Amino acid sequence: MSVITATSAVPPLHSPRSTPRPRVAMMVRSSNAVSAASILTKLHSDCATPLPLLRQVSHAMAADMRAGLAADGASDLKMILSFVDSLPTGDENGLYYALDLGGTNFRVMRVQLGGKEGRVVATEFDQVTIPHELMFATSEELFDFIASKLAKFVEKEGGKFESRRGRTREVGFTFSFAVKQTSINSGVLIKWTKGFAVSGTEGRDVVACLNEAMGRQGLNMRVSALVNDTVGALAGARYWDDNVMVAVILGTGTNASYVERVDNIPKLHAPKSAGGSTIINTEWGAFSRGLPLTEFDREMDAASINPGQQIFEKTISGMYLGEIVRRVLHRMAEDATLFGDSIPEKLQMPFSLRTPDICTMQQDSSKDLEVVGSILYDVAGVNSKLESRKIVVDVCETIAKRGGRLAGAGIVGILQKMEGDSKGAVFGKRTVVAMDGGLYEHYPEYRRHLQDAVTELLGPEISKNIIVQHSKDGSGIGAALLAATNSIYPH
Ligand code: ADP
Ligand code: MG
């Protein structure tokens, strides 16, 4: 690390934040006029989520859901039809497979279902990393690779796993990229994301791509259900508990799905008498109204690959919380000498501080905040004093609290929308919200803030009926179950 004593290169403190800041490895601030405490005080007030604000957020979420159900393109929320209209009942029987392609890994799984008595008799899974070059390959090459790994996995079937003679094996395919679903077992890829740039898939039915590749491998197997990961999570949780009505994933990104009555979906143009329910994938990460955003959020958004989009996701999900904290700390280092006279080089690197780091720092109960000190040293390359460490923990808490509480308000928005259409059917009885994803699972403070917001918004009576809980099985078994409920064979 080199030190540049750059007194003249630093813009005055009152300059607008849009002034480009010099990109030097390390520099010395122009003045000490701003204290970290005052930046922190402003952060507290900008991130505040008092009850009236949470109410507005939940109302806006409910209103945006209605708009998205009325017509495509009418809302931030796409409210995508999942074509899942038969949820698992517990009667599902037999051997089913699930394949989850969501990012750099894909998972294959087999599930032996034994009906109401046997339930999930056995499961086995395998995880494979997609070789980096395949992310830039042709569609055939990618799907051939997936099908070949699936074929290897199927070869090892045995023991408790038994496929019925003469039957084609059925797969539930969880595919977490933007798809325009056209039926329970077909959907056209709109766009690759998360670093994938595979040629020849966009505009094609991804189920056909996989079925064809399985054919080329000589596998007697077909996709019976194409599912979004939140839809899989909902189906998986519902299998154990009929009261599950909503599923929320809080991981790298975030999304939610819920059970909706068909006659509440105007854009479906179904006959009024249609009846029945289906699962709607809200794509709620795109929600944006009434959120308490800071200059740090705006700067992070502007520097992102999708500026102006996925604002709710950028405020509440795992990919971003650490980065928001880093931006605050960077400002405190720059304007208020939080870490002494210089700005640590590593702290200037986007995404160098990750959400698991801020979570770990919040768990530090030592007197000297030693864990905070060592993370700051490892991640930001700074030797910190106790006073600074306390401020860092406060920043982590502020960002996690805002995220958790806003996620809670989003959940209440979904519940209010459902309750508004069917008085008493949600708030008047036990209703379960199934939660999944690494952020929810591993960040206890975040989880607590989420629950607090739900309880505050619903009040003590109603919140007794609303159970927000980590779902046992996640989306893997859910996808296999949806393959079962949508089997080509009679149940
Ligand atoms: P994905 O969303 O990519 O399918 P996961 O549901 O496993 O994957 O979530 C992974 C995300 O969860 C990470 O990107 C991270 O943001 C968050 N996460 C993982 N571990 C922790 C932790 N200990 N504390 C806070 N967040 C965590
Ligand atoms: Mg996932």
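In listed order, ligands and their atoms are each counted from 1. Worth saying up front: this structure is predicted, and the values here are computed from it rather than measured. All values below were derived from every heavy atom in this structure, side-chain atoms included, with hydrogens, water molecules and symmetry-related copies excluded.
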Check: V154 and K149 side chains under 4.5 Å, non-hydrogen atoms: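 Side chain of K149 against side chain of V154, heavy atoms only: no contact under 4.5 Å found.
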
Working for ring pair (Phe, Tyr, Trp, His ring centres under 6.0 Å), residues Y446 and Y440: CA-CA 7 Å; Y446 184 97; Y440 186 80; 7.6 Å; no

Identified salt bridge (charged side-chain N to carboxylate O under 4.0 Å, His left out) partner of E124 from the options K156, R107, R110, K160: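 When K156, R107, R110, K160 are each tested with E124, the salt bridge (charged side-chain N to carboxylate O under 4.0 Å, His left out) holds only for R110.
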
Listed partners of A286 passing side-chain contact (heavy atoms from CB on, under 4.5 Å), at least two apart: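 side-chain contact (heavy atoms from CB on, under 4.5 Å) list for A286, sorted by chain: Q310.
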
What are the atom names and distances for all N or O pairs under 3.5 Å between ligand 1 and the protein?
from, atom 1, to, atom 2, distance (Å)
ligand 1, 2 (O), T252, N, 2.9
ligand 1, 2 (O), T252, OG1, 3.3
ligand 1, 3 (O), T252, OG1, 2.7
ligand 1, 6 (O), G438, N, 2.9
ligand 1, 9 (O), G438, N, 3.3
ligand 1, 12 (O), L439, N, 3.2
ligand 1, 14 (O), T252, OG1, 3.2
ligand 1, 16 (O), G318, O, 3.1

Point-to-point distance, once rounded to the nearest 0.5 Å, from CD of E323 to OG1 of T355: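 Spacing of CD (E323) from OG1 (T355) equals 9.5 Å.
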
Atom OH of Y377 with >12 non-hydrogen neighbours under 6.0 angstrom: no

